[in-house]
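Working notes, structure below.
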Amino acid sequence: MSQTTESPGPRRAPTMADVAQVAGVSHQTVSRVLSNHPNVRDATRAEVQRAIEALGYRRNSSARALVTRRTLTLGVVACNPTLFGPASMLFGLEEAARDEGYMASAVTLRRFTAKALSEAIDHLSGWGVEGIVVMVPHRAAVAALAELRLPFPVVTVEGGHALPIPGVSVDQELGARLVTGHLLAAGHRTVWHVAGPSDWLEAEARVKGWRATLEEAGAEVPEPLVGDWTPLSGYRAGQELAGRVAAGAARRGALDVSAVFVANDQMALGVMRAFREAGLAVPTRVAIAGFDDIPEAEFFAPPLTTVRQDFTAVGQASIRLLVSQLESGTTGGDERVVIEPRLIVRSSTTPT
């Protein structure tokens, strides 16, 4: 005679009351720990955290929203999220929102117009977001944002603008100064530049920093070449620069191409390929540096000198600014947080 056994049902999720019982504290104390209330002793806080980890407790955001009448959801509007910079910014924002106890709902746009931005805000408003972070990397985005009346607190990322809206950005001009100064210090008479699209505020700031550094050093300022952030545009710029190298060798007094600062790492990859095909060794004949420090940069041949942006710090600062507005009940203002980049020196600029 066969015997059947019933499979056990799903385990009950631990509650805040369970955490309180294991930690030997009150329900209110657990709540204070979860909300980072300052009036909790360190020893008590540690005991509650141990109980949370032991039980695998997860806060029920839906239940909390019902009690507080808050959705605990933040919106993000991003443009061109397939590029490394915007994609990394978006990831940093979502991660920072989770760390602050919020969910992030993102809307990505192919083109940043006033209509597209308005529709994105309407969509996020329908989802009940409490505030939004808007990534405004180019002038069209700034113009579109300036036209709108926003129904909730807003923070911008990479704005570089004069709108009365709190914002967070990386010091792009400083990054360009660091890399251009590094190349001049290596003994190059000047530094050529492959710039990003002219309507991007980041590209504009990098050109500004590059140009100012050359002028302050008394170096000649070549006309920059302009790309569109892609390796293909970098490859075409590299072909043009390689042609200038060949022409300079045949013409006395021509401005030599011995160092190139490229506005992002993907375009730098294209420039390096064009130089390799032209028989120009990097860095012994031409030194090359990029910007962004994409994960692949240290595996380029040779590894690429570049400027690293701290996207995690940008995300954290942006979310903190937004949460600060939500908690204080204020909107607007012109508070700015600027994150400093770091120069990462590798062998594409330093012959071994």
Handout entry: Residue pair Gln309 / Asp292, side-chain donor-acceptor N/O under 3.5 Å
Key =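 The answer is yes; a qualifying pair exists.
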Does [X] belong to the same Ile/Leu/Val/Met/Phe/Trp/Tyr cluster as [Y], with side-chain heavy atoms less than 4.5 Å apart forming each link?
X: Met267; Y: Ile344; answer: no
X: Val168; Y: Ile319; answer: yes
X: Val257; Y: Phe261; answer: no
X: Val286; Y: Leu183; answer: no
X: Leu304; Y: Phe84; answer: yes

Handout entry: Note: Arg50-Glu53 ion pair, threshold 4.0 Å (strictly below)
Key =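 Salt bridge absent between Arg50 and Glu53.
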Handout entry: Ion pair Glu94/Arg98, N-O distance below 4.0 Å
Key =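 No, this pair does not count.
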Interatomic spacing from [atom1] in [X] to [atom2] in [Y] - rounded to 0.5 Å:
X: Asn264; Y: Ile294; atom1: CG; atom2: CD1; value: 8.0 Å
X: Glu340; Y: Asp310; atom1: CD; atom2: CG; value: 11.5 Å
X: Leu322; Y: Thr156; atom1: CG; atom2: OG1; value: 11.0 Å
X: His138; Y: Glu204; atom1: NE2; atom2: CD; value: 13.0 Å
X: Leu83; Y: Ser88; atom1: CG; atom2: OG; value: 10.0 Å
X: Leu201; Y: Ser169; atom1: CG; atom2: OG; value: 10.0 Å

Exercise for the section: Please test Leu93 against Met135 for side chain to side chain contact (heavy atoms under 4.5 Å, CB included), starting from the C-alpha separation and ending with a verdict. Expected result: CA-CA 10 Å; Leu93 288 165; Met135 295 165 59; 4.1 Å; yes
Side chains of [X] and [Y]: closer than 4.5 Å at any heavy-atom pair?
X: Glu158; Y: Gln172; result: yes
X: Met272; Y: Pro302; result: yes
X: Val307; Y: His182; result: no
X: Leu241; Y: Trp192; result: yes
X: Glu220; Y: Leu214; result: no
X: Val134; Y: Ile165; result: no
X: Ile288; Y: Pro283; result: no
X: Leu269; Y: Glu296; result: no

Problem - Pair Leu72-Met103, side chain to side chain contact (heavy atoms under 4.5 Å, CB included): steps then yes or no - result: CA-CA 6 Å; Leu72 298 177; Met103 293 294 293; over 6 Å; no
Which atom pair, heavy atoms only, marks the closest approach of [X] to [Y]?
X: Trp229; Y: Ser233; result: N-OG, 3.9 Å
X: Gly238; Y: Phe275; result: O-CE1, 3.3 Å
X: Ala120; Y: Val107; result: CB-CG1, 3.7 Å
X: Leu109; Y: Ala116; result: CD2-O, 4.1 Å
X: Ser347; Y: Pro303; result: OG-CD, 3.2 Å
X: Gly167; Y: Val155; result: CA-CG1, 4.3 Å

Whether [X] side chain and [Y] backbone form a donor-acceptor pair below 3.5 Å:
X: Asp265; Y: Phe291; result: yes
X: Ser324; Y: Arg320; result: no
X: Ser348; Y: Thr305; result: yes
X: Glu173; Y: Ala205; result: no
X: Trp210; Y: Val191; result: yes

Problem - Stepwise side-chain hydrogen bond (donor to acceptor under 3.5 Å, both in side chains) check, Glu100 with Gln316 - result: CA-CA 9 Å; Glu100 291 288 336; Gln316 290 172 342; over 6 Å; no
Problem - side chain to side chain contact (heavy atoms under 4.5 Å, CB included) between Val323 and Tyr102, worked out - result: CA-CA 9 Å; Val323 171; Tyr102 289 80; 3.7 Å; yes
Are more than 12 heavy atoms, taken from residues, nucleotides or ligands other than [X], located less than 6.0 Å from that residue's [atom1] atom?
X: Arg342; atom1: CZ; result: no
X: Arg177; atom1: CZ; result: yes
X: Gln21; atom1: CD; result: no

Practice task
Please lay out, stage by stage, how Val282 and Arg276 fare under the test side chain to side chain contact (heavy atoms under 4.5 Å, CB included).
Solution key: CA-CA 8 Å; Val282 176; Arg276 186 166 57 250; over 6 Å; no
Practice task
Begin from the C-alpha positions of Arg244 and Glu240 and carry the test salt bridge (charged side-chain N to carboxylate O under 4.0 Å, His left out) through to its verdict.
Solution key: CA-CA 6 Å; Arg244 290 177 181 269; Glu240 183 173 339; 3.5 Å; yes
